[in-house]
**Q** 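The structure's right below; bear with me while I get my questions together.
In this chain, numbering begins with 1 at the start of the sequence shown. Please read these numbers as outputs of a predicted model, since none were measured by experiment.
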Amino acid sequence: MKAKKGFNIRNVCGQNIIVAEGKENMDFSNIISMNESSALLWNEIQDKEFTVEDLAEILMENYQIDENTPLPREQALQDAKAVSDQWRESGIIMG
């Protein structure tokens with residue numbers, strides 16, 4: 001997967017919002033608000049190919065989750081999949 005070009009995160013009144021910029025995104029009419037965790041992920045994957053596992057690793061590293069603990073690892077994978085599914089449905093990532 002990869003983030004589509006022209007979708008940038010901006011902080012508007014304390015909220016992380018994805019803003020579509022550029023002519024190729026003129027028809028984008030969604031407002032996407034991101035919590036702290038999804039904003040962290042979005043910033044980390046810019047200009048990179050990524051997988052759900054990569055997203056889970058980012059969560060585990062930043063929230064100091066021990067990778068040998070099965071339940072937190074599974075939760076990180078579930079959360080990463082949910083975020084990537086939402087991004088795909090919103091049309092801000094490809095792949």
Side-chain angles (χ1 to χ4, degrees):
M1 293 176 274
K2 192 168 184 173
K4 289 184 179 178
K5 295 282 184 199
F7 290 99
N8 300 305
I9 195 163
R10 301 280 185 252
N11 189 294
V12 179
C13 297
Q15 295 290 316
N16 294 307
I17 306 290
I18 291 290
V19 176
E21 298 173 347
K23 292 179 184 177
E24 65 274 6
N25 298 319
M26 269 179 39
D27 293 334
F28 187 77
S29 61
N30 293 338
I31 294 176
I32 300 170
S33 177
M34 293 191 172
N35 64 19
E36 182 181 325
S37 297
S38 58
L40 166 75
L41 293 173
W42 185 257
N43 287 324
E44 289 287 324
I45 57 96
Q46 292 306 297
D47 300 319
K48 300 176 189 171
E49 294 282 336
F50 66 93
T51 64
V52 169
E53 291 78 14
D54 295 331
L55 296 177
E57 285 295 321
I58 293 167
L59 289 173
M60 292 175 63
E61 288 171 10
N62 283 276
Y63 293 103
Q64 301 167 348
I65 299 169
D66 181 359
E67 65 183 44
N68 296 318
T69 307
L71 289 178
R73 179 166 180 73
E74 185 61 34
Q75 185 64 54
L77 283 167
Q78 287 176 10
D79 292 347
K81 182 174 181 342
V83 166
S84 66
D85 288 347
Q86 290 170 351
W87 290 350
R88 187 176 294 108
E89 288 173 26
S90 297
I92 61 174
I93 62 170
M94 52 190 162

**Q** If I take atom CD1 from residue Ile92 and atom CE from residue Met1, how far apart are they, to the nearest 0.5 angstrom?
**A** 12.0 Å
**Q** Measuring from atom CD of Gln15 to atom CD1 of Ile32, what distance do you get when rounded to the nearest 0.5 angstrom?
**A** 14.0 Å
**Q** Which residues pass the side chain to side chain contact (heavy atoms under 4.5 Å, CB included) test with Asn43, not counting sequence neighbours?
**A** Ile9
**Q** Applying salt bridge (Lys or Arg N to Asp or Glu O under 4.0 Å), which residue pairs with at least one partner in residues 40-49 are found, sequence neighbours left out?
**A** Lys5-Asp47
**Q** Can you list everything that forms a salt bridge (Lys or Arg N to Asp or Glu O under 4.0 Å) with Lys2? Sequence neighbours excluded, please.
**A** none
**Q** Once you round to the nearest 0.5 Å, how far does CZ of Phe50 lie from CH2 of Trp87?
**A** 5.5 Å
**Q** Checking Leu40 against Ser37 for the side chain to side chain contact (heavy atoms under 4.5 Å, CB included) test, could you report, in this order, the C-alpha distance in whole Å, the side-chain angles of both residues, the deciding distance, and whether it holds?
**A** CA-CA 5 Å; Leu40 166 75; Ser37 297; 5.6 Å; no
**Q** For Asn11, give me all partners under side-chain hydrogen bond (donor to acceptor under 3.5 Å, both in side chains), at least two apart in sequence or on another chain.
**A** none
**Q** According to side chain to side chain contact (heavy atoms under 4.5 Å, CB included), who are the partners of Gln46, at least two apart in sequence or on a separate chain?
**A** Ala3, Trp42
**Q** With no hydrogens and no angle check, is any side-chain donor or acceptor of Lys81 less than 3.5 Å from a backbone partner on Val52?
**A** no
**Q** Who pairs with Ser84 by side-chain hydrogen bond (donor to acceptor under 3.5 Å, both in side chains), at least two apart in sequence or on another chain?
**A** none
**Q** Side chain to side chain contact (heavy atoms under 4.5 Å, CB included), that's the test. Do Ser90 and Phe7 meet it? Break it down for me.
**A** CA-CA 11 Å; Ser90 297; Phe7 290 99; over 6 Å; no
**Q** Taking only residues two or more places apart in sequence, or in another chain, which ones meet Asp54 in a side-chain hydrogen bond (donor to acceptor under 3.5 Å, both in side chains)?
**A** Thr51
**Q** Looking only at heavy atoms, which two atoms of Ala56 and Ala80 are closest? And how far apart?
**A** N-CB, 3.6 Å
**Q** CD1 of Ile18 to NZ of Lys4: how many Å apart, nearest 0.5 Å?
**A** 13.0 Å
**Q** Could you give all pairs that pass the salt bridge (Lys or Arg N to Asp or Glu O under 4.0 Å) test and reach residues 86-95, with sequence neighbours left out?
**A** Asp85-Arg88
**Q** Show your working on side chain to side chain contact (heavy atoms under 4.5 Å, CB included) between Ile58 and Ile45 and close with a plain yes or no.
**A** CA-CA 10 Å; Ile58 293 167; Ile45 57 96; 4.3 Å; yes
